[in-house]
Amino acid sequence: MIFDNNIYVLLALVVAFLVAFSATPMVISLAHKVNAIDVPKDARRVHKKPIPLMGGLAIFYGFIVSVACFATIDIEVMGILIGCAIIVTTGVIDDITEMKPIVKLVCQILAAAVVVYCGVRIEHFANPFSAWFGGPYIVMNYWVSCVVTMFWIVGICNAVNLLDGLDGLAVGVSSISSIALLALTLISDNLNVAILTAAVAGAGFGFLPYNFNPAKIFMGDTGALFLGFILACISVQGMLKMSAVITFAVPILILGLPIFDTMFAIIRRVLTGHSPMQADRGHLHHRLLDMGFSQRRVVTILYTLTAVLCMTAVVISIKGYGRGLILICSVLLIILVSIKVMGELHDPGEYINYNADEQLTEEDNYNEED
């Protein structure tokens, strides 16, 4: 039976990968037809030529096909799928016509409300400080549970959306995070949520070859909002309810990069007298670019950071905080030393035009060599 269950999870991942990979060229054509194109028009954008949007449709299509094939559609999964449909519709409209932020936020709240209404809620979780005070679990009443869950879902939606600033960054980070979530759902013996998580991972990795630098298509709000929404729902349904195994720190670590980047962005904007909703060029990936790293190096660094946080979360859930602290300190030391060495070795002049250079297509590079 265990072997059969693992086969379902593996098949869900493979099917989602193949469907998303195959559907992306069609979505590229569709984006051109409906004029869902991202034209670089401000300093925040690092691409230099128009790129089609709505790539998230391919991710969603791969996910939904895989779930329909392998998952059990109970009331909670149905609520998640309805919420995903609302989120994806919102993203498509925004990619085509640029929806007002307040309208987009209302749609996110509506999608989160549907999920909560169908029973996907953070009801309780393990108390990490139970050795010093309080009981082993932190339990919330119904209304507090609803508010906390909706805040979590909407917050992760926007965190992933804000992270989507470089080719392949947000979808790669989300896919790596989904692998960690998959490991924990398997440890928790939650087959249905594991299938959902495998479908997310497969669809994300299926889209990534088209989105990695130089990108042929962006996933747009369609993909960023969808990935944030489904990862938030999975973390609630698959982990935060497993109070005997998982503490609240674990999903925060797994989704740590978008969460911390968003928190620092809000704090930075407030302290400088700007609106928290006002976009700027102060995110972590922008700062790394300004230090002279190329797009691919920045994305690789942030992938590595995400992987470290995810591995730490898995170790904490299995072996406790002490082992997790040892792991994250050891690996982060290596990363910091590596960044310092790379910063000293590279020639800053090499990257003066890194944005333009990395937007060259393979054909352009071939012509230059001739």
Side-chain angles (χ1 to χ4, degrees), residues 19-65 80-114 153-154 156-171 174 200 203-204 206-232 258 275 277-281 283 359:
V19 172
F21 183 81
S22 302
T24 301
M26 292 182 286
V27 174
I28 294 175
S29 299
L30 177 62
H32 283 289
K33 290 181 179 179
V34 299
N35 198 33
I37 306 295
D38 187 1
V39 179
K41 54 188 176 183
D42 56 48
R44 290 188 304 111
R45 289 170 169 81
V46 297
H47 61 287
K48 299 301 180 183
K49 63 180 182 180
I51 302 291
L53 292 167
M54 292 202 318
L57 271 180
I59 301 174
F60 176 67
Y61 186 55
F63 167 79
I64 204 72
V65 170
I80 292 174
L81 296 181
I82 293 173
C84 287
I86 295 172
I87 284 292
V88 169
T89 301
T90 302
V92 168
I93 296 173
D94 186 62
D95 285 340
I96 297 174
T97 64
E98 291 194 18
M99 187 181 292
K100 291 183 178 179
I102 186 63
V103 177
K104 188 160 54 173
L105 180 61
V106 169
C107 292
Q108 294 171 21
I109 294 173
L110 174 61
V114 170
I153 293 174
V154 173
I156 298 300
C157 264
N158 288 284
V160 175
N161 196 21
L162 288 175
L163 188 67
D164 190 21
L166 293 181
D167 297 354
L169 178 57
V171 67
S174 299
V200 175
F207 175 75
L208 186 58
Y210 297 95
N211 188 233
F212 201 72
N213 182 267
K216 299 177 179 63
I217 183 171
F218 294 154
M219 63 179 181
D221 278 17
T222 306
L225 293 178
F226 165 69
L227 287 175
F229 182 85
I230 190 61
L231 289 176
S275 168
M277 303 299 292
Q278 180 179 340
D280 59 21
R281 201 179 185 280
H283 290 283
Q359 297 304 323

Tested for side chain to side chain contact (heavy atoms under 4.5 Å, CB included) against Phe60, the lone hit among Ile230, Val88, Leu227, Val65 is Val88

Side chain to side chain contact (heavy atoms under 4.5 Å, CB included) with Thr89: of Ile87, Ile93, Val92, only one passes, and it is Ile93

Where is the tightest heavy-atom contact between [X] and [Y], given as atom of each residue plus distance?
X	Y	result
Val154	Ala112	CG2-CB, 4.2 Å
Val160	Ser174	CG1-OG, 3.8 Å
Val27	Met54	CG1-O, 3.1 Å
Met219	Asp95	O-OD2, 4.0 Å
Leu57	Thr222	N-CG2, 3.7 Å
Pro258	Ala159	O-CB, 3.5 Å

State the [atom1]-[atom2] distance between [X] and [Y], to the nearest 0.5 angstrom.
X	Y	atom1	atom2	answer
Leu53	Ile37	CG	CD1	6.5 Å
Ile28	Phe218	CD1	CZ	11.5 Å
Ile86	Phe226	CD1	CZ	13.5 Å
Leu231	Cys157	CG	SG	9.5 Å

Any side-chain to backbone donor/acceptor pair from Asn211 onto Ile217? Under 3.5 Å, distance only.
yes

Requested in this report: Measure from the side-chain N and O atoms of Asn161 to the backbone N and O of Ala224, and report whether any donor-acceptor pair falls under 3.5 Å.
Outcome: no

inquiry  = Just so I know, are the side chains of Pro101 and Leu105 near enough to count as touching, which here means a heavy-atom distance under 4.5 Å?
reply    = no

Which of Asn158, Asp221, Thr90 passes side-chain hydrogen bond (donor to acceptor under 3.5 Å, both in side chains) with Lys104? It is Asp221

Should the pair Phe21 and Tyr210 be assigned to parallel (<30°), tilted (30 to 60°) or perpendicular (>60°) ring geometry?
tilted

